[in-house]
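Before any comments, here is the structure.
Convention: sequence-line order gives letters A, B, ...; per-chain numbering from 1.
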Protein chains: 2
Amino acid sequence: MSEARVQPDTRERILDAAERLFMESGYEGTSMRMITGAAGVNLAAVNYHFGSKEALLREVFRRRLAWLNRERLRLLDEMEAQAKGEPLKPSAILEAFFGTLLHMGTDESLGGMTFLRLLGRTLTEPADFIRTFFAGEYAEVVDRYKRALFRALPDVPHEEIIWRFHLMLGAMSYAIAGTDALQVVTGCELDLNNEGPRAAELLSARVMPFLLGGLRAPLPQFAVSPQQTRKTEPSKAA
Amino acid sequence: MSEARVQPDTRERILDAAERLFMESGYEGTSMRMITGAAGVNLAAVNYHFGSKEALLREVFRRRLAWLNRERLRLLDEMEAQAKGEPLKPSAILEAFFGTLLHMGTDESLGGMTFLRLLGRTLTEPADFIRTFFAGEYAEVVDRYKRALFRALPDVPHEEIIWRFHLMLGAMSYAIAGTDALQVVTGCELDLNNEGPRAAELLSARVMPFLLGGLRAPLPQFAVSPQQTRKTEPSKAA
DNA sequence: GTCTATATTCAGATAGAC
DNA sequence: GTCTATCTGAATATAGAC
């Protein structure tokens, strides 16, 4: 990376501004003029540096997901090496997958809470090119973690595990992205916005027990077919 | 609001088309021309009948949420009357809140799966007017259900209950709205799209145990006693 | 109530001077 | 690499005939 010290690097400023604005207003709701205005650069600079608005969005994510994917794979490799062939604990798998994500929220150089919220929100953007982009970016990591969960929960049908993976992703995404949306719905302000870097720790303590509780909940009747699974008694709260 | 004649009712056709297109492409991603084209009506008809695109969106939701809110309140009233002052069971509360929602997915006259997915997806739309609209529509029902949960879980801090309400809403919304988005992420096709009316039953059997497991998961350490905010070990492992 | 035609604004993208 | 000026198309909305 060539450090443009004299100037605060046009490229980076565009990416930072786009990251924040896509988070606040969504992809369709953010115009190039809003981005270049906020970044303090010329309108033409986006197309010069990135080629198009779509390509800009992809680059906004690529620079963050590169680290996230690498870290998630590294942690899984490490845990599996230590386990010497034994299945991992579900809680350890979730901690690696979601904890790594939440860690980004504490580190501004990894995008901080802005990127976390952008990521959660963008997963529901309907545009086709966004969905195909994420499919490619996530494929390897999700496949590895899915297989780790299959081994960790040998009595649970694979389809059920995939469903619960979906549900955990959904809960986590809303917990992060929908902070203000859901606050409006539940009419109650949660202490996330004012906490800055600590927000991710608070989130983690709140969310991880919920996810584990959901993942290990009793199976629905019709899903138990292959071999009668011991009903995981959902340890009562409080 | 005056009744139109025998016609296939321009107003309804616009609402139906808008419901589907907003679900598929989002609010910003759907143009008036797409809507009037799909509905087979004139472009000017939307502004004649509804006044603006924003007002159209609100009306799309109002005609469905009227039933949903009424039914949710009715069920809660009924249960509370039968309980004669005793707290309700958490599972009964969730069944009333989320089961009513899922029931709409089985009934085409209530919008079917199209509306369910639209609702889940629209909760994350960043536009301001959408968020304030939902705040007003949801206020009463959410307040009533929150209070029912407070009574049902007297040992759990209110803030924790609200968080878990958020998380349940998020999981449910993604399970419904993000069907294709998350399928792309997890790289696995779930049997939702082809099941038609049965989709809601399948969803219910899959999702309700997960939600209950999450709601009743062990509490994070710091939520029990307000002073110590230690790093939390989310209780038991596998 | 429905339609045509149009006003107005704003979007993404680019050509070409510097 | 950066900037001005502009192209082209599409968006919402409305005026006014029928």
(message) Less than 4.5 Å apart, side chain to side chain, heavy atoms only: is that true for A:L65 and A:F115?
(response)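 Contact flag for A:L65/A:F115 side chains = yes.
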
Euclidean distance, atom [atom1] of residue [X] to atom [atom2] of [N] [Å, nearest integer]:
X     : N      : atom1 : atom2 : result
A:F50 : D:dG1  : CZ    : P     : 11 Å
A:L57 : C:dG12 : CG    : C1'   : 15 Å
A:N47 : D:dT6  : CG    : P     : 19 Å
A:K53 : C:dC10 : NZ    : C1'   : 12 Å
A:H49 : C:dA13 : NE2   : C1'   : 16 Å

(message) For the OG atom of B:S173 and the CG atom of B:L119, what is their distance to the nearest 0.5 Å?
(response)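 Output value for this atom pair is 6.5 Å.
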
(message) Rounded at 0.5 Å granularity, tell me how far CZ in A:F210 sits from CG in B:L211.
(response)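 Rounded to the nearest 0.5 Å, the CZ-CG separation comes to 6.0 Å.
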
(message) Parallel, tilted or perpendicular, judged at 30° and 60°: which one describes the rings of A:F150 and A:H158?
(response)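 The arrangement is parallel - the two ring planes meet at less than 30°.
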
(request) Look at the aromatic rings of B:F97 and B:F165 and report parallel, tilted or perpendicular, splitting at 30° and 60°. (result)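 B:F97 vs B:F165 ring planes: perpendicular.
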
(message) Just N and O in the side chain of A:S52: are any of them under 4.0 Å from OP1 or OP2 of C:dG12?
(response)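 Answer no for this pair, as no side-chain N or O of A:S52 is under 4.0 Å from OP1 or OP2.
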
Can you name the nearest heavy-atom pair linking [X] to [Y], along with the distance?
X     : Y      : answer
A:R72 : A:L101 : NH2-CB, 3.6 Å
B:R13 : B:V41  : NH2-CG1, 4.3 Å
B:R64 : B:M104 : O-CE, 3.7 Å

(request) List in numerical order all residues of residues 27-35 of chain A for which some heavy atom is under 4.0 Å away from an atom belonging to DNA chain D. (result)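 Within residues 27-35 of chain A, no residue comes under 4.0 Å of DNA chain D.
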
(message) At a heavy-atom distance below 4.0 Å, what parts of residues 36-43 of chain A sit against DNA chain D?
(response)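 Within this stretch, A:N42 sit under 4.0 Å of the strand.
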
(message) Within the 4.0 Å heavy-atom criterion, would you say A:A44 contacts the bases, only the backbone, or no part of the nucleic acid?
(response)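 Here A:A44 touches the bases of the nucleic acid.
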
(message) Let's see if you can work this out: which of C:dT14, C:dG12, C:dT2 has an atom nearest to the side-chain heavy atoms of B:Y48?
(response)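 Looking only at side-chain atoms, B:Y48 lies closest to C:dT2.
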
(message) My understanding is that only one of A:Y27, A:W67, A:F134 makes a ring pair (Phe, Tyr, Trp, His ring centres under 6.0 Å) with A:F61; could you say which?
(response)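 Checked A:Y27, A:W67, A:F134 against A:F61; only one passes ring pair (Phe, Tyr, Trp, His ring centres under 6.0 Å): A:F134.
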
